[in-house]
Amino acid sequence: MSMRKAYSESLTGYLFLTPLLLIIVVFSLYPVVYSLFLSLHRIILSLPSLGETFVGIDNFVAFFTDPVGRNSLMVTLVFVGVSTALEICLGIMIALIIHESFRCRSVVRAAILVPWAIPTVIASQMWRFAFNDQYGIANYLVYGTNVAHYDAWLASPVSALAVIILADVWKTSSFAALIILAGLQTIPDELYEASKIDGAGAFQRFFKITLPLLKPAILVALLFRTMDAFRVFDLVFVMTQGGPGDATNVLQFYGYRKLFAEGMVGYGSAVSIVVFLLVFSVSIIYLKFIGTGILEKKEARA
Amino acid sequence: MTRSFRESLLLIVGVIAAMVLSLAPFLWFVSIGFKPQVEITAIPPRLFPSDVSFTAVHEAIFTFGLMHFIKNSVIVAGCTTIVCVVVGCLAAYPLARLRIPYRRVILLGILAVAMFPQISIAGPVWRILRALGWLNTYQGLIIPYLALTLPLTVWILANFFGQLPSELEEAALVDGAGLFQVLTRVIMPLAAPGVFTAALLTFIYSWNEFFFALLIMTERDRQTLPVGIALFPGEYTMPWGEISAASTIATIPLILLVLFFQKRIIAGLTAGAVKG
């Protein structure tokens, strides 16, 4: 009887899971495998006579020896490193502020969520106009009415990348802050009371209690932000189209251009597999640090 | 905890700084849409407009065709949200509360799929849709969106379902209810706040998504708001007033959601993220 019941429970369970599994298998898993397959072939849409020749890892070799490809990888790594580092630091500061209790705290929390909720394309247009060489507010704030000094921020390699990082930090620091806030809420107040009695200052309390106990939350925020930063596309598409030169030509934009604008299906797929492997290996490293606490907990009650 | 004077001062400065940095850039951008044309392109820029003008709003709605982008976005984001929540609830129930084989493998697999960068599936998804004749159709965008949003939705729902007490569920089973009835009559009503949170996040995601919308909707008639705003037509100079007006209108629903459901959004974003 109980055997039969368990059997029918798993049968119904899998019936319930079928739509999900179907969508994920057809539109996520199969596409990744298909991308891998395409990346091992030479397929150029403008040269159909070439057909689809198997070329092994030639496309990957080409990517890593092509200066544009290598530059794209470097730009992506700089973007990911700088933007996530800034987002985590700002996220900790914002979390510390909105964790305190004060009047109208929920209004402040809602205000901080606004950048997160704005579509990235709109935030991109906003920052693009703010850093416009003539009408932009950035020049006005930096140089005042001294029009002769006005900079074309998005036309110089270093400042263009910096502006894109700024736009990303503005948009997503609040997300990091919310994850870290959830971590702050798990730290018992007694710890602070006790250390206060022991005469520890605010800085000591932060570095001796808050920061070590926040480590898991910070790692989770880092994981989510890093994965997302590797996928940056909207900001670059709207603000710079990868330029000037290739200064902001991040991998997802480079792959998009190869695949869809130039029809280099094999090479473009290789770029997309590189992004995939980067994101995957980074996530696995983080998950090793975080541990699978979430899963263990679910396991325990089943 | 009581705060010293210095701590209070620090907090006030922090709160003001966070508010200003979060809101000021967007408020400034909103103001562009209500400035007279000559002041939008004034050199040097003017911080405060001397007069309010609705020309840009009018242009955005009637010349740019803002309403049809909004219609497309409502259809795509709305359908994605409804289907995603239905499929998500169905899937989250066995994953959170039933004894099924390979549960852990499926959960880990879903987490892995959530990490896939869009670019790594874009080419093949585009080929599948072309083969089905679904490029430039609503279902052609909705189904890839489901693949993108379902992993996190299931993860969040499984988390909320897992926290429910099991007494009511067991009572219903003893009374002879089937598992589907238990899900729709017991679990979903009890976890209604969680289901609503998942719907909110899915809606915001699909309202804002740009990459797949750009690839799949190449005909202007079918494009969603982000694509319309990113590809804003401008011959020689960018029509910044219209872009700003259109952006403001496109963002209003999101601002309202954030204002009214701030608590639910925060709960959803952090569900399952910080445990143990």
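Keep in mind that what you see is a predicted model, and the values were worked out from it rather than measured. The figures that follow rest on heavy atoms only: side chains count, while hydrogens, waters and symmetry mates do not. Per chain, numbering begins at 1; letters A, B, ... match sequence-line order.
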What is the minimum heavy-atom distance between [X] and [Y], and which atoms define it?
{"X": "B/P117", "Y": "A/V279", "result": "CG-CG2, 3.8 Å"}
{"X": "B/I40", "Y": "A/Y135", "result": "O-CB, 3.7 Å"}
{"X": "A/P115", "Y": "B/S22", "result": "CG-O, 3.7 Å"}
{"X": "A/V238", "Y": "B/A230", "result": "CG2-CB, 3.8 Å"}
{"X": "B/V258", "Y": "A/A117", "result": "CG2-CB, 3.4 Å"}

Please rank [options] by heavy-atom pairs under 4.5 Å with chain B and give me the top one.
{"options": "A/V274, A/L223, A/L178", "value": "A/L178"}
{"options": "A/Q252, A/K171, A/R105", "value": "A/Q252"}
{"options": "A/P19, A/G255, A/S106", "value": "A/S106"}

Between [X] and chain A, which part of the residue has a heavy atom less than 4.5 Å away: side chain, backbone, both or neither?
{"X": "B/I128", "value": "side chain"}
{"X": "B/L201", "value": "side chain"}
{"X": "B/V15", "value": "both"}
{"X": "B/R127", "value": "side chain"}
{"X": "B/L215", "value": "side chain"}
{"X": "B/V227", "value": "neither"}
{"X": "B/L225", "value": "neither"}
{"X": "B/A92", "value": "neither"}
{"X": "B/M115", "value": "both"}
{"X": "B/L10", "value": "neither"}
{"X": "B/L179", "value": "both"}
{"X": "B/F180", "value": "both"}

Check whether any side-chain heavy atom of [X] sits under 4.5 Å from a side-chain heavy atom of [Y], and report yes or no.
{"X": "B/L269", "Y": "A/F175", "result": "yes"}
{"X": "A/I24", "Y": "B/P151", "result": "yes"}
{"X": "A/T12", "Y": "B/P94", "result": "no"}
{"X": "A/L17", "Y": "B/L90", "result": "no"}
{"X": "B/M238", "Y": "A/F129", "result": "no"}
{"X": "B/I204", "Y": "A/W116", "result": "yes"}
{"X": "B/N208", "Y": "A/I122", "result": "no"}

To the nearest 0.5 Å, what is the distance between [atom1] ([X]) and [atom2] ([Y])?
{"X": "A/L21", "Y": "B/I106", "atom1": "CG", "atom2": "CD1", "value": "5.5 Å"}
{"X": "B/L231", "Y": "A/F237", "atom1": "CG", "atom2": "CZ", "value": "5.0 Å"}
{"X": "A/L113", "Y": "B/L254", "atom1": "CG", "atom2": "CG", "value": "11.5 Å"}
{"X": "A/F27", "Y": "B/L129", "atom1": "CZ", "atom2": "CG", "value": "5.5 Å"}
{"X": "B/T248", "Y": "A/I118", "atom1": "OG1", "atom2": "CD1", "value": "9.5 Å"}
{"X": "B/I100", "Y": "A/E9", "atom1": "CD1", "atom2": "CD", "value": "9.0 Å"}

Exercise. If you count the non-hydrogen atoms of other residues, nucleotides and ligands that lie under 6.0 Å from OH in B/Y102, is the total more than 12?
Worked result: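 It does not: B/Y102 OH has 12 such atoms or fewer within range.
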Problem set entry | Engaged part of A/V275 at the chain B interface, taking heavy atoms whose separation is under 4.5 Å |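 It is both, since atoms from each part get that close.
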Problem set entry | Atom group of A/L259 that falls short of 4.5 Å from chain B, counting heavy atoms |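 Only the side chain of A/L259 comes within 4.5 Å of chain B.
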Problem set entry | Aromatic centroids of A/W127 and B/F26 separated by under 6.0 Å |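 They do not qualify: ring centres at least 6.0 Å apart.
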Problem set entry | Those residues of residues 141-149 of chain B, ordered by number, that approach chain A below 4.5 Å (heavy atom to heavy atom) |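 Checking residues 141-149 of chain B against chain A gives B/I143, B/L146, B/A147.
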For this session: Flag the one option from B/P25, B/A91, B/A122 with the top tally of heavy-atom pairs under 4.5 Å to chain A.
Result: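 The candidate making the most pairs under 4.5 Å is B/P25.
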Exercise. Checking A/Q125 side chain against B/S244 main chain: does a donor-acceptor pair fall under 3.5 Å?
Worked result: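 Checked: no pair found.
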Exercise. Between A/Y34 and B/G123, is there a donor-acceptor pair closer than 3.5 Å when you use the side chain of the first and the backbone of the second?
Worked result: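 Absent.
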For this session: Apply side chain to side chain contact (heavy atoms under 4.5 Å, CB included) to A/V32 and list each qualifying residue two or more places apart in sequence or on a separate chain.
Result: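 For A/V32, the residues satisfying side chain to side chain contact (heavy atoms under 4.5 Å, CB included) (neighbours in sequence not counted) are A/F276, B/F116, B/S120, B/I121.
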For this session: Return the orientation label for the A/F233 and B/F211 ring planes: parallel under 30°, perpendicular over 60°, tilted otherwise.
Result: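 Ring orientation of A/F233 relative to B/F211: perpendicular.
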